Amino acid sequence: MSDGHDDRARGFAAFPPRKGGRVRGRSWWSRAWVESMEDGWPEEEPLKKGRTVARSGRLGPLTVGPGRVAAEVYDGADEPYPVVLGLPELDDEQWDALWERTADRPVVTEALLAGELPPDLLEAAEDARLGLLPGYGELDPECGCDEPDHPCAHAVALGYQFSWLLDEEPALLLLVRGRDLPAALEELKSVLLLRAMTGDAGDDDPEGAYEEHEEATGGDAGPAGEEGAVPAGGPAVAGTPASEAYARPAVPLPELPPLPEPAEDVTEPVTGIEADPLERLVADAAVRARELLAYTLGAGTEPPRPLDRWQDTVRIAATHPDPRVSARLRDACDRPDELDRAAEAWRWGGAAGLTVLEEVWRPEGAEVTRARTALTTGWEDEGLPELVVRDNHWTLSGLGLQLRYGRDGRWYPYRDRSGTWWPAGPPAHDAALALAELLDG
């Protein structure tokens, strides 16, 4: 357990007292954390006391860092005393194994690169033979109280309050295991980049691939020029170890062409096109290039699809905050009254968000059943609000709130504005979390 100062540690405000209601979190990761914690501490009496303390507001601000979650307890004494939950950090080899298995799953990779923590990351962790959630005996509670229970109610309360933090920021689970989200994404990107450079599409037997390479080259690879060596500057064979790929001699680049002559200083553009729209075209081209590069590096299962005229109009309106852009597009497009709402949908969910706004479809029965189960589980302490389900639209009667289920498996929140449904927030894979965010807002 880390016990010193760490620049990666994060501080969070203390939770105010809660009168009754849900003590377990709303999101998938929050509930998974609580289940793992309760499995490791199966005695009901400490858990019951801990839930009471968690609601009481007696814990101060929380600190989350590598290997530990900490807070102070205000329990009527002259000075507060510390309570800490320790969790073993993963070592570098374990993180490398996790990102290798994650890179084998394009959907999980794409979600991580978008800043989300998908539940399927647990499968990648299991394939790498490691755990993200606390296993039996891994949570190490320490507290300055004199309670005989182990764990004490304060340590249990801290575990429940950490689950509340996971509702808002599930990537804190990675931080407790030793990696903050930026560092984790950089390591994942390095794995993707190395695979793209070596042509490795995720071979499950890299040692076997290297043996095939040795047979093809006639034996052990020696220095450049010896029999069996990879020629300098030649393409790397799939399965080539990273150490060998990086040890290859660099191929000299061709000389740069001479710089063009300076352009003449003219007051009017030669082409007759003002610079203002050209800047936007350049920015749009950069965004498109980024999407194509992400697909090339394995962050998506398919390249970005071309947009029709309406979709491209909405995209430009949504991604350029200058009001002059929206005004021009509104004057030029065939659906000016719909542009603002469509742009709002794009800002929250991109092309998928626009599709959810405009398309009504009927999900399969199994999808509806899973959603109802998730909502019922997430609201077991408070009762599920009344829902009216029509096709992929789930409406909360009398509250002016709605969830729309997209073909991408995510739930998109909507609010009623003067009789018109408007997009109201980012989509979520968890229906209960999306609904709770709507109600909290």
Side-chain angles (χ1 to χ4, degrees), residues 1 12 14-64 67-77 80-88 119 122 125-126 131-170 172-173 176-177 370 372-384 430 432-433 435-436:
M1 176 176 67
F12 298 88
F15 287 99
R18 295 186 177 186
K19 296 182 180 180
R22 179 194 304 111
V23 71
R24 296 174 177 84
R26 302 184 303 264
S27 68
W28 188 93
W29 282 107
S30 177
R31 295 196 299 270
W33 167 273
V34 168
E35 289 176 4
S36 297
M37 180 183 73
E38 293 178 343
D39 288 344
W41 296 335
E43 295 185 17
E44 180 57 32
E45 189 61 25
L47 296 177
K48 184 178 179 180
K49 292 179 181 179
R51 288 192 282 267
T52 301
V53 174
R55 294 191 183 101
S56 69
R58 286 151 55 189
L59 267 63
L62 276 67
T63 301
V64 181
R68 69 200 306 263
V69 182
E72 290 186 330
V73 181
Y74 296 83
D75 205 8
Y81 46 84
V83 56
V84 178
L85 287 181
L87 190 64
L122 279 186
E126 291 172 358
L132 289 177
L133 295 168
Y136 185 80
E138 281 196 313
L139 275 180
D140 181 19
E142 297 180 7
C143 186
C145 70
D146 297 325
E147 290 187 12
D149 293 331
H150 186 81
C152 67
H154 308 115
V156 175
L158 181 58
Y160 281 118
Q161 289 199 358
F162 179 65
S163 77
W164 301 350
L165 293 180
L166 293 179
D167 276 334
E168 306 299 330
E169 196 171 342
L172 290 175
L173 182 59
V176 173
R177 283 298 196 178
R370 283 196 298 269
R372 281 197 178 275
T373 301
L375 289 171
T376 302
T377 302
W379 291 87
E380 59 185 356
D381 294 332
E382 301 176 5
L384 178 65
D430 191 310
L433 177 59
L435 180 55

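The basis for the numbers below is simple: all heavy atoms, side chains too, and nothing from hydrogens, waters or symmetry mates. Fair warning: this is a prediction, and the values are worked out from it, not measured in the lab.
Scanning both residues, Pro80 and Glu72, for their nearest heavy atoms gives CG-OE1, 3.6 Å. Here the shortest heavy-atom pairing between Glu147 and Cys152 reads OE1-CB, 3.5 Å. Closest approach of Ala155 and Pro151 over heavy atoms only: CB-CB, 4.2 Å. Residues Ala125 and Leu132 come closest through the heavy atom pair CB-CG, 4.2 Å. Considering every non-hydrogen atom in both Ala157 and Ala54, the closest pair reads CB-N, 3.5 Å. Of all heavy-atom pairs spanning Val84 and Ala70, the tightest one is CG2-CB, 4.0 Å.
In terms of the ring pair (Phe, Tyr, Trp, His ring centres under 6.0 Å) criterion, Phe12 has no residue partners (sequence neighbours excluded). The side chain to side chain donor-acceptor pair (under 3.5 Å) check on Glu169 picks up Arg10, with sequence neighbours excluded. When the side chain to side chain contact (heavy atoms under 4.5 Å, CB included) test is applied to Glu138, the partners found at least two apart in sequence or on another chain are Leu87, Pro88, Arg177. Residues passing the salt bridge (charged side-chain N to carboxylate O under 4.0 Å, His left out) test with Asp167: none are found, sequence neighbours excluded. Partners of Glu44 under the side chain to side chain donor-acceptor pair (under 3.5 Å) rule, at least two apart in sequence or in another chain, are Arg51. Among residues two or more places apart in sequence or in another chain, the side chain to side chain contact (heavy atoms under 4.5 Å, CB included) test is passed with Thr63 by Ala9. For Gln161, there are no side chain to side chain donor-acceptor pair (under 3.5 Å) partners at least two apart in sequence or on another chain. Taking the side chain to side chain contact (heavy atoms under 4.5 Å, CB included) definition, one finds that Ser56 meets it with Val53, Arg58, sequence neighbours left out.
Here Arg18 contributes atom CZ and Trp164 contributes atom CH2; the two are 4.0 Å apart, rounded to the nearest 0.5 Å. Leu158 contributes atom CG, which lies 4.5 Å from atom CG of Leu85 (distance to the nearest 0.5 angstrom). Atoms OG and CG, from Ser163 and Leu173 in turn, are 12.0 Å apart once rounded to the nearest 0.5 Å. To the nearest 0.5 Å, atoms CG (Asp140) and CZ (Arg68) are separated by 11.0 Å. Rounding to the nearest 0.5 Å gives a distance of 13.0 Å between CZ of Arg31 and OG of Ser36.
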Q: List the steps and the verdict of side chain to side chain contact (heavy atoms under 4.5 Å, CB included) for Val156 and Lys49.
A: CA-CA 8 Å; Val156 175; Lys49 292 179 181 179; over 6 Å; no

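Applying the ring pair (Phe, Tyr, Trp, His ring centres under 6.0 Å) rule to pairs touching residues 26-49 yields Trp33-Phe162, sequence neighbours excluded.
A salt bridge between Arg26 and Glu168 is present, with a side-chain N of the basic residue lying under 4.0 Å from a carboxylate O of the acidic one.
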